[in-house]
S.K.: 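Here you go, one structure.
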Amino acid sequence: MKTRSFRWMPLALLVVLGSTLAWGQNIAVTPTEKKDDWWQKRHQDKVAQAAKGEAEIVFLGDSITHFWEGAGKDVFQKYYGDRKVLNLGFSADRTEHVLWRLENGEVDNIQPKMVMLMIGTNNVGHNSTTPAETVEGIRAILVKLGEKLPKTKVLLLAVFPRGADGNDGLRQKVNEINAGLPALADNERVFFLDINAGFLKDGDVLPKEIMPDLLHPNAAGYEIWAKAVEPWVWKLAYADTTTPASKMGDNWWKNRHEKKTAQAALGEAQMILLGDSITHGWESNGAEIFAKYYAPRKALNLGYGGDRTQHVLWRLENGEVDNIQPKVAMVMIGTNNMGANSVQEIVEGNKAIVAKLQEKLPQTKILLLGIFPRGDNAQSDLRKKVAEVNARLEKLSDGEKVFYFTFNDKLLAENGDMVPELMPDKVHLTKAGYTIWAESCEEMVQKLEQ
């Protein structure tokens with residue numbers, strides 16, 4: 001077959017054909033490398049980061065994603081500082097460049113829980129492809145992600161609005177892209193989310209207070225972005241610990257839940273204790289101490305043996321704190337997640353519980369306790385994992401509504417070993433252990449009650 005020659009064609013037509021590489025070929029789906037020094041260096045750096053195999057979340061896109069490291073850096077630290085995020089945003093990239101990067105190492109050696117993808121504004125902005133061709137480029141990226149990261153969920157974002165308002169030509173092209181994106185989501189591996197309304201006022205006006213150049217968010221814009229996707233981060237990346245789960249199939253659990261819901265309905269609780277078997281134990285080994293410290297406060301004990309963060313979330317959503325406005329909620333949960341979940345997953349579960357409590361009980365102060373020590377000694381892997389979780393839980397404290405507190409050192413010997421008189425099974429407390437708990441927290445509880 002003879003190769004066609006372009007020598008006879010006018011220069012302008014050659015330029016148009018060059019934008020699609022060859023006869024009918026869509027450049028948006030053709031992996032394309034950039035030779036810019038900064039681009040090559042960033043690519044090499046990102047490949048090296050991926051090689052560590054640590055990423056739990058990947059951000060994938062162009063300059064808008066790239067600038068999480070610039071205008072969005074403080075917001076990034078707030079929402080993602082404790083999460084293992086790999087930012088694969090490259091300024092000025094189009095779909096074809098993302099495809100090349102995916103094929104050349106940037107997601108090798110990792111199995112993140114989720115990818116957040118937003119790409120395409122430069123395809124139409126640079127006039128390299130039409131909106132329809134750009135959608136095909138995004139489709140090709142989703143296919144490639146499925147090949148490279150088959151277990152990873154993808155949150156596909158609508159391309160952010162650009163231009164002053166709906167009359168802007170590029171805004172209209174972006175809208176055309178976005179109209180084609182929902183069809184790419186299967187709601188099993190790929191999920192589509194349009195958060196654009198959060199950036200706009202009066203329906204279609206893009207304020208410079210959010211995007212000064214009518215394209216890139218400033219810090220306020222990144223805050224809008226982060227808040228809007230946070231429920232999806234929990235859902236896709238940390239579902240094990242942040243998706244409410246019941247145990248209503250267990251009769252004792254069902255009966256306890258119904259009893260506690262009925263107690264809450266009386267509307268008398270001035271304090272709640274929320275957790276697992278260690279909190280549940282206030283009704284057995286800790287009963288005498290509870291009567292002294294918490295019964296006068298009409299405290300409602302919402303501790304359930306064996307519960308994990310997801311079970312607490314279900315209970316909060318299903319009546320256990322309805323009809324009450326306690327002054328203090330004391331929360332300690334996560335020890336039962338230790339075997340099945342990562343450090344960050346456990347933290348995310350606690351974060352979701354705090355958020356749910358703030359939604360349900362907006363006037364209540366939250367006393368978030370560090371998870372009690374586990375493992376024989378300070379060198380045990382379990383002890384170290386608890387310590388790492390607690391270090392991250394401390395960062396959830398805002399000093400206004402949420403307060404972190406730990407007294408773990410009082411439950412241990414000077415050398416860090418467990419004390420049988422306090423925790424015979426190295427998990428649950430004796431009466432002496434509950435005494436330390438109540439006495440250690442009393443000053444803090446009184447302060448929060450004021």
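Just so we're clear, the structure is a prediction, and the values are computed from it rather than from any experiment.
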S.K.: Looking at side-chain heavy atoms only, is the closest gap between L429 and M423 below 4.5 Å?
M.R.: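 They are in contact (side-chain heavy atoms under 4.5 Å apart), so the answer is yes.
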
S.K.: Assess, by modelled atom type and distance only, whether the side chains of N123 and T95 contain a donor and an acceptor separated by less than 3.5 Å.
M.R.: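 N123 vs T95: donor-acceptor pair found between side chains.
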
S.K.: Counting only N and O atoms by type, is there a donor-acceptor contact under 3.5 Å from the side chain of K46 to the main-chain atoms of N87?
M.R.: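 Such a contact is found between K46 side chain and N87 backbone.
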
S.K.: Apply ring-ring contact (aromatic ring centres under 6.0 Å, His included) to residues F372 and F407 and explain how you reach the verdict.
M.R.: CA-CA 8 Å; F372 288 174; F407 53 92; 5.4 Å; yes

S.K.: Taking atom NZ of K431 as the centre, does the number of heavy atoms from other residues, nucleotides or ligands within less than 6.0 Å exceed 12?
M.R.: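 Not buried by this count: 12 neighbours or fewer within 6.0 Å.
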
S.K.: Is any NZ, NE, NH1 or NH2 atom of the basic residue among K365 and E400 found under 4.0 Å from an Asp or Glu carboxylate oxygen of the other?
M.R.: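 Judged by the 4.0 Å cut-off on N to carboxylate O distance, K365 and E400 do not form a salt bridge.
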
S.K.: Counting only heavy atoms from other residues, nucleotides and ligands, does the tally under 6.0 Å from CG of D381 exceed 12?
M.R.: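 It does not: D381 CG has 12 such atoms or fewer within range.
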
S.K.: Determine whether L396 and K351 make a side-chain contact, defined as any pair of heavy atoms from C-beta on separated by less than 4.5 Å.
M.R.: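 A side-chain contact exists here, since the closest heavy-atom pair is under 4.5 Å.
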
S.K.: Looking only at non-hydrogen atoms, find the nearest pair between K410 and I436 and report the distance.
M.R.: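 Nearest heavy atoms, K410 then I436: O-CD1, 3.7 Å.
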
S.K.: Looking at E96 and R94, is any side-chain nitrogen of the basic one under 4.0 Å from a carboxylate oxygen of the acidic one?
M.R.: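 Yes, this pair counts.
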
S.K.: Looking at W437, is its backbone amide N or carbonyl O close enough to the side chain of S440 to form a donor-acceptor pair, meaning the two atoms are under 3.5 Å apart?
M.R.: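 Answer holds: no.
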
S.K.: V312 versus V331: any side-chain heavy-atom pair under 4.5 Å?
M.R.: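 Side-chain contact under 4.5 Å: no.
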
S.K.: Set out, in order, the CA-CA distance, both residues' side-chain angles and the distance that settles salt bridge (charged side-chain N to carboxylate O under 4.0 Å, His left out) for E359 and K401, then state yes or no.
M.R.: CA-CA 12 Å; E359 174 191 324; K401 291 290 188 180; over 6 Å; no

S.K.: Before accepting this row, confirm whether a basic side-chain N of the pair K153/E188 lies closer than 4.0 Å to the acidic partner's carboxylate O.
M.R.: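 A salt bridge is absent here (no side-chain N lies under 4.0 Å from a carboxylate O).
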
S.K.: Could you check whether K144 pairs with E103 (Lys NZ or Arg NE/NH1/NH2 to Asp/Glu carboxylate O, under 4.0 Å)?
M.R.: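 Salt bridge: yes.
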
S.K.: Rounded to the nearest 0.5 Å, what separates atom CZ in R101 from atom CZ in F90?
M.R.: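 Spacing of CZ (R101) from CZ (F90) equals 4.5 Å.
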
S.K.: Could you tell me whether the side chains of E348 and Q344 share a donor-acceptor contact shorter than 3.5 Å?
M.R.: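 Checked: E348/Q344 side chains pair up, N/O donor to acceptor below 3.5 Å.
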
S.K.: Under 30°, 30 to 60°, or over 60°: which ring-plane class applies to Y294 and W282, parallel, tilted or perpendicular?
M.R.: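 If you compare the ring of Y294 with that of W282, the planes turn out perpendicular.
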
S.K.: Side-chain contact, heavy-atom cut-off 4.5 Å: T261 with H257?
M.R.: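 The answer is yes; the side chains approach within 4.5 Å.
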
S.K.: Can you name the nearest heavy-atom pair linking V135 to G180, along with the distance?
M.R.: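 Taking every non-hydrogen atom into account, CG1-O, 3.9 Å.
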
S.K.: Go through the side-chain N and O atoms of N218 and E209 and say whether any donor and acceptor fall under 3.5 Å apart.
M.R.: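 Checked: N218/E209 side chains show no N/O donor-acceptor pair below 3.5 Å.
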
S.K.: Please say whether more than 12 non-hydrogen atoms of neighbouring residues, nucleotides or ligands are located less than 6.0 Å from NZ in K426.
M.R.: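 At most 12 heavy atoms, drawn from other residues, nucleotides or ligands, come within 6.0 Å of this atom.
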
S.K.: For the OG atom of S91 and the CZ atom of F67, what is their distance to the nearest 0.5 Å?
M.R.: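 That separation rounds to 4.0 Å.
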
S.K.: Residues in side-chain contact (heavy atoms from CB on, under 4.5 Å) with N196, at least two apart?
M.R.: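 Here the qualifying residues are A158, F160, P161, N178, D194, F199.
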
S.K.: Is there a donor-acceptor pair under 3.5 Å between the side chain of R392 and the backbone N or O of V347?
M.R.: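 A pair under 3.5 Å: no.
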
S.K.: Got a donor-acceptor contact below 3.5 angstrom from the T364 side chain to the K327 backbone?
M.R.: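 No: the side chain of T364 does not pair with the backbone of K327.
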
S.K.: Which pair of non-hydrogen atoms, one from T121 and one from R162, has the smallest distance, and what is that distance?
M.R.: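 Heavy atoms of T121 and R162 come nearest at OG1-NH1, 2.8 Å.
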
S.K.: Please say which of L393, L369, N350 ends up in a side-chain contact (heavy atoms from CB on, under 4.5 Å) with M332.
M.R.: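 One option only clears the test, and that one is L369.
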
S.K.: With rounding to the nearest 0.5 Å, note down the distance linking OG in S63 to CD in E69.
M.R.: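 It comes to 12.0 Å.
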
S.K.: Side chains of R308 and I333: does their closest heavy-atom pair fall under 4.5 Å?
M.R.: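 The answer is no; the side chains never approach within 4.5 Å.
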
S.K.: Applying salt bridge (charged side-chain N to carboxylate O under 4.0 Å, His left out) to K395 and D82, what does each step give before you reach the verdict?
M.R.: CA-CA 9 Å; K395 296 178 181 179; D82 286 336; 3.1 Å; yes

S.K.: Do K247 and D307 pass the salt bridge (charged side-chain N to carboxylate O under 4.0 Å, His left out) test, and can you show the C-alpha distance, the side-chain angles, and the key distance before you say yes or no?
M.R.: CA-CA 9 Å; K247 293 197 286 186; D307 266 18; 3.2 Å; yes

S.K.: Working to the nearest 0.5 Å, report the span between CG of L274 and CD1 of I353.
M.R.: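 Rounded to the nearest 0.5 Å, the CG-CD1 separation comes to 6.5 Å.
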
S.K.: Can you confirm if the NZ or CZ of K41 lies within 45° of the ring axis of W38 and under 6.0 Å from the centre of its six-membered ring?
M.R.: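 The answer is no; the distance or angle limit is not met.
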
S.K.: Distance check, rounded to the nearest 0.5 Å: R256 atom CZ versus E320 atom CD?
M.R.: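 It comes to 8.5 Å.
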
S.K.: Does the gap between the ring centers of F59 and Y80 come in under 6.0 Å?
M.R.: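 Ring centres of Y80 and F59 closer than 6.0 Å.
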
S.K.: Could you tell me whether E230 and R83 make a salt bridge, using a distance below 4.0 angstrom between a side-chain N and a carboxylate O?
M.R.: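 Judged by the 4.0 Å cut-off on N to carboxylate O distance, E230 and R83 do form a salt bridge.
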
S.K.: Assess whether side-chain contact (heavy atoms from CB on, under 4.5 Å) is satisfied between L102 and L60, documenting all intermediate values.
M.R.: CA-CA 10 Å; L102 292 176; L60 188 59; 4.1 Å; yes

S.K.: Counting N and O atoms only, with roles assigned by atom type, does the side chain of D240 sit under 3.5 Å from a partner on the main chain of E345, one being a donor and the other an acceptor?
M.R.: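 Checking the backbone N and O of E345 against the side chain of D240, no donor-acceptor pair under 3.5 Å is found.
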
S.K.: Between N377 and Q379 (side chain of the first, backbone of the second, donor and acceptor by atom type, cut-off under 3.5 Å), is there such a pair?
M.R.: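 Yes.
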
S.K.: When you check the gap from the basic side-chain N to the acidic O, do K360 and D322 get nearer than 4.0 Å?
M.R.: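 D322 and K360: salt-bridged.
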
S.K.: Taking everything shown except E288 itself, do over 12 heavy atoms lie less than 6.0 Å from its CD?
M.R.: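 For E288, atom CD is not crowded (no more than 12 foreign heavy atoms under 6.0 Å).
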
S.K.: Could you label the plane-to-plane angle of the H311 and W253 rings as parallel, tilted or perpendicular, counting under 30° as parallel and over 60° as perpendicular?
M.R.: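 Aromatic pair H311/W253 classed perpendicular.
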
S.K.: Could you state the interatomic distance from CZ (F191) to CG (D186), rounded to the nearest 0.5 Å?
M.R.: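 Answer for the CZ-CG pair, F191 versus D186, is 7.0 Å.
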
S.K.: Is the side chain of T242 donor-acceptor paired with the backbone N or O of A352 at a distance under 3.5 Å, no angle test?
M.R.: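 Not at all, since once roles are kept as given, no pair shorter than 3.5 Å links the two residues.
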
S.K.: For the CD atom on E443, are there more than 12 heavy atoms of other groups (residues, nucleotides or ligands in this structure) within a distance under 6.0 Å?
M.R.: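 Atom CD in E443 is not packed in, count stays at 12 or less.
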
S.K.: Is a salt bridge present between E388 and K384, judged by a nitrogen-to-oxygen distance below 4.0 Å?
M.R.: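 Between K384 and E388 there is no salt bridge, as every charged N stays at least 4.0 Å from the carboxylate O atoms.
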
S.K.: Please name the pair of heavy atoms, one in A55 and one in L86, separated by the smallest distance, quoted to 0.1 Å.
M.R.: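 Residues A55 and L86, closest heavy atoms: CB-CB, 3.9 Å.
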
S.K.: For the residue pair N337 and T241, what are the closest heavy atoms and their distance?
M.R.: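 Looking at all heavy atoms of both residues, the closest pair is ND2-CG2, 3.7 Å.
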
S.K.: For residues P207 and K201, determine if any side-chain heavy atom of one lies less than 4.5 Å from a side-chain heavy atom of the other.
M.R.: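 In short, these two side chains touch, coming nearer than 4.5 Å.
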
S.K.: Answer yes or no: is there a donor N or O on one side and an acceptor on the other, between the side chain of S397 and the main chain of V402, under 3.5 Å?
M.R.: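 Indeed, once roles are kept as given, a pair shorter than 3.5 Å links the two residues.
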
S.K.: Passes side-chain hydrogen bond (donor to acceptor under 3.5 Å, both in side chains), Q450 versus Q446? Steps please.
M.R.: CA-CA 7 Å; Q450 296 174 0; Q446 289 183 13; over 6 Å; no

S.K.: Could you tell me whether the side chain of I119 reaches within less than 4.5 Å of the side chain of I141, counting heavy atoms only?
M.R.: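 They are in contact (side-chain heavy atoms under 4.5 Å apart), so the answer is yes.
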
S.K.: Considering non-hydrogen atoms only, spot the tightest contact between L181 and V159 and give its length.
M.R.: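 Where L181 meets V159 most closely, the heavy atoms are CD1-N, 4.4 Å.
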
S.K.: With a 4.5 Å limit on heavy-atom distance, are the side chains of V85 and E56 in contact?
M.R.: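 No, too far: nothing below the 4.5 Å cut-off.
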
S.K.: Can K34 and D93 be said to form a salt bridge (charged side-chain N to carboxylate O under 4.0 Å, His left out), step by step?
M.R.: CA-CA 9 Å; K34 286 184 177 179; D93 265 17; 3.2 Å; yes

S.K.: Is the shortest side-chain N to carboxylate O distance from R297 to E449 below 4.0 Å?
M.R.: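 Yes, this pair counts.
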
